[in-house]
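First up is the structure itself, then whatever we jot down about it.
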Amino acid sequence: MESLSNKRKVLIQKPLNFWERIYLPAIVKGLSITMSHFFRKPVTIQYPEQKREFSENFRGMHSLKRDEEGRERCTACGLCALSCPAEAISMIAAERKKGEENLYREEKYAAVYEINMLRCIFCGLCEEACPKEAIYLDGDIVPSEYLRKDFIYGKDKLVEAPLNQ
Ligand code: SF4
Ligand code: SF4
């Protein structure tokens, strides 16, 4: 059997011609590519001063919606948390008390509702699972933070502002 070393081919380096030895054509070619890019419209933008328009399908930060009377729609049913593949949502349900009918739409509401934005993959499954049309990923991009704890968004950041604000 032919040994492996016998099968290897030795590459013989082709000797450089005159133009290759003086490098000038290669330099001119390189410069021409640089110059052709120099006069093209730049693809970069001055973020954050300039922002690109998002597509219609863009999924941004979540918002917990209110109904037409300004009451929180979420009933803390937990379906969004159950459907979340990243286990990013947690909540604590509470019973609506007498006199709170103008705050919460139904008898149960989320006293605590948190989304860990570091876990979230913005898949939109929570939005699809919600039977109350209470959660939508229609916000902006999640801003950067220095501390991990600041990526846990509570109701203060998630619930829509009241109607009269
Ligand atoms: S968008 Fe997806 S990953 Fe993010 S909270 Fe909703 S279900 Fe979870
Ligand atoms: S956001 Fe929707 S699915 Fe999630 S707990 Fe509230 S009502 Fe249920």
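Keep in mind that what you see is a predicted model, and the values were worked out from it rather than measured. Indexing begins at 1, ligand by ligand and atom by atom, following the structure's order. Both backbone and side-chain heavy atoms feed into the values below; hydrogens, waters and symmetry mates do not.
With hydrogens and angles disregarded, a donor-acceptor distance shorter than 3.5 Å links the side chain of Ser55 to the backbone of Asn57. In this structure, Glu20 contributes its side chain and Asn17 its backbone to a donor-acceptor pair below 3.5 Å. Between the side chain of Arg59 and the backbone N or O of Phe122, at least one donor-acceptor pair lies under 3.5 Å. With Arg119 contributing its side chain and Ala86 its backbone, the two residues share a donor-acceptor pair below 3.5 Å. Remark: side-chain polar atoms of Arg73 are paired, donor with acceptor, to backbone N or O of Lys132 under 3.5 angstrom.
Of all the heavy atoms of Met91, the ones lying under 4.0 Å from any atom of ligand 2 belong exclusively to the side chain. No part of Arg119 comes within 4.0 Å of ligand 1, judged by heavy-atom distances.
Atom 6 (Fe) of ligand 1 has its nearest heavy-atom neighbour, among Cys126, Pro85, Cys130, Ala86, in Cys126.
Atom 8 (Fe) of ligand 1 has Cys84 SG, 2.3 Å as its closest protein atom, hydrogens excluded (heavy atom only). The nearest heavy-atom contact from the protein to atom 4 (Fe) of ligand 2 is Cys80 SG, 2.3 Å. For atom 2 (Fe) of ligand 1, the closest heavy atom belonging to the protein is Cys123 SG, 2.2 Å. Closest protein heavy atom to atom 3 (S) of ligand 1: Ile121 N, 3.3 Å.
Less than 4.0 angstrom separates some heavy atom of Leu137 from each of these atoms of ligand 1: 1 (S). Below 4.0 Å from some heavy atom of Thr75 lie the following atoms of ligand 2, by number and element: 6 (Fe), 7 (S). Remark: ligand 1 atoms within the under-4.0 Å shell around heavy atoms of Ile89 are 5 (S). In the vicinity of Pro131, heavy-atom distances shorter than 4.0 Å reach the ligand 2 atoms 3 (S). For ligand 2, the atoms sitting less than 4.0 Å from at least one non-hydrogen atom of Gly78 are 5 (S), 8 (Fe), numbered in the order shown with element in parentheses. The ligand atoms of ligand 2 that sit less than 4.0 angstrom from a heavy atom of Ala76 are 5 (S), 6 (Fe). Less than 4.0 angstrom separates some heavy atom of His62 from each of these atoms of ligand 1: 1 (S), 4 (Fe), 5 (S), 6 (Fe). Each of the following atoms of ligand 1 lies closer than 4.0 Å to a heavy atom of Cys120: 1 (S), 3 (S), 4 (Fe), 5 (S). Near Phe122, with a cut-off below 4.0 Å to any heavy atom, the atoms of ligand 1 are 1 (S), 4 (Fe).
Cluster annotation: Ile89 and Leu118 are assigned to the same hydrophobic cluster (Ile/Leu/Val/Met/Phe/Trp/Tyr, side-chain heavy-atom contacts under 4.5 Å, transitive). Linking ILVMFWY residues whenever their side-chain heavy atoms come closer than 4.5 Å, directly or via other members, places Leu137 and Met61 in the same cluster.
Put simply, no part of Ser83 is less than 4.0 Å from ligand 1, judged by heavy atoms.
Expressed to the nearest 0.5 Å, how far OG of Ser144 lies from CG of Asp150 amounts to 11.0 Å. To the nearest 0.5 Å, atom SG of residue Cys130 and atom CG of residue Leu125 are 13.0 Å apart.
Residue side and main chain included, Cys74 places an N/O/S atom under 2.8 Å of atom 6 (Fe) of ligand 2.
Enclosure of atom CD in Glu87 is not indicated, since only 12 or fewer non-hydrogen atoms of other residues, nucleotides or ligands lie within 6.0 angstrom.
Using cut-offs of 30° and 60° on the angle between ring planes, the pair Tyr104 and Tyr109 is parallel.
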